[in-house]
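The analysis underlying the following values was restricted to heavy atoms, covering all of them including side chains, and did not include hydrogens, waters or symmetry mates. If you're wondering where the values come from, they're calculated on a predicted model, not measured in any experiment. We name chains A, B, ... by the order of the sequence lines, and we start the count at 1 in each one.
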Amino acid sequence: MAENRKTTGVLRYGSTLLLIIAVIIMWATDQAAAETVAALVIVALAVFSLRQGGASQSAAVPAETVIDAVSPAAEEDGRVRALCCEALPVWSTHIEMARSQTEEEIQNLANRFSALVQHIQNSISRKGTARRGDGSGETDILSLLQESSDGLQNIIHSFRHSLDLKVNLLDEIKVLADFTEELKSMADDVGNVADQTNLLALNAAIEAARAGEAGRGFAVVADEVRKLSTMSGETGKRMREKVESVNAAIQKTLSASSSYAEEDTEMVKQSEQVIQEFLQRFRAGAADMSEAYNALQEDSRLISDEISEVLVSLQFQDRTSQVLAHVRSNQQALLAMLADSSVTELPDPQQWLLEMESGYTMEEQKQQASDGKAEEQEITFF
Amino acid sequence: MAKTVMVVDDSASLRQVVAIALRGAGYEVLEACDGKDALSKLSGQKIHLIISDVNMPNMDGITFVRELKKNPAYKFTPVIMLTTESQEQKKKEGQAAGARAWVVKPFQPAQMLSAVSKLIMP
């Protein structure tokens, strides 16, 4: 009977362990390993049920019959031990395989997640900035808009200044044109003086002729004066022609310049209008970008919160790994005990569970062993 | 200049999780897979804080902190123990070894970063 209890206890430990393993692996690892363990659990439970049935039957028969039935029961215990000794290493290998595969995949996931986080952060930090054309670094888009606006306003200001200079120049040319009118008048005066002088020389020549021999010398002087007056008249005439030519050129220049100035004024006006429309569109675009940037920042805050939650979730691998390591360790201890033929008396199940519990490190494991509810942990500062 | 935090844990995924949280907050991160690896990687370089697991192969976290504190260069480097271990006895061992805080996994990143900034010297 003692042997029966011992075998029943072993099977209870084995079944408990198998159930824990199956639940953990189904929770945390791949389906194939979980199915393998589940199948083994079914086999173990079947053996356990068979053994329990045998034990019940043994308890129901008289004492004499029990003595006769010891031999088959011992034989069955031996088969159970052999089965466990074969099965436990396989389960142990599967647990380790599941643990390492999960660890590897979670690490890959964490690596990819890390890259994703970095990518998002880089994108957010680049949004709202633009490279300067002169390569002097980066600026935010609104500052760039303001700088562009200022630059374009400066260009318009330069145009206006240039236009003002042209108008001033035209005014100067108009003054010059007025001077040419005066010059023309002066040239006319020169011509009039020459005509008067010529007339005077003619009168002098007449008077010299009337004086006879005494006026001969004076007649020569009168003739020279007449020649000079003729020359002065011609000079006055050429002066007038030149002044008229200059005046015509000035008038032509003045007319062309006035036309250009009007065109320039119109061009500056249109340029200013185009630039203002362009800046207006640019401001609207920048406002949209700014709004999108703010929305992106809000999204990034939400993503950051999600990341915090994901970081907490990703820590399950470390905890699962430790649970699996404990299960594997206990499994190996059970295997060592079953494989040791010198061990004839197995420990009390409660004692075994207490020993298992002493190896628990996580609060959940301890709470699971008692009421199944873990308490929330906090940071302890020393 | 960014502060450097060393993360010591035998779980690569857990190290990565801690590193993501720290790098996101602007810290530089140096990783080690156990106490022995951590001691070999210190080699006199400036470390502002260490976050260490307790149960690790080769050299556990408590022994690592004891060894760390023997080195004058790291005598005052704050250490946070980050572990699934919640036994009071273990906490006392960590405190006696020289750890400044005990964080039980899973941790909230914000809570961890708060503890890190609190313990790192300005």
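Using a 4.5 Å heavy-atom threshold, the side chains of A:F381 and B:L119 count as touching.
In A:E291, the CD atom is not crowded: 12 or fewer heavy atoms of neighbouring residues, nucleotides or ligands sit closer than 6.0 Å.
Neither the backbone nor the side chain of B:M81 comes within less than 4.5 Å of any heavy atom in chain A.
Contact record, B:P106 with A:Q315: CA-OE1, 3.0 Å, taken as the closest heavy-atom pair.
By the side-chain contact (heavy atoms from CB on, under 4.5 Å) test, A:E86 is found to be paired with no residue, residues two or more places apart in sequence or in another chain being considered. Remark: B:K41 engages B:D37 in a side chain to side chain donor-acceptor pair (under 3.5 Å) (not counting sequence neighbours).
Under the salt bridge (Lys or Arg N to Asp or Glu O under 4.0 Å) criterion, the residue pairs touching residues 42-62 of chain B are B:D53-B:K105, with sequence neighbours excluded.
Proximity to chain A at a heavy-atom threshold of 4.5 Å picks out B:I20, B:A21, B:G24 from residues 18-29 of chain B, in numerical order.
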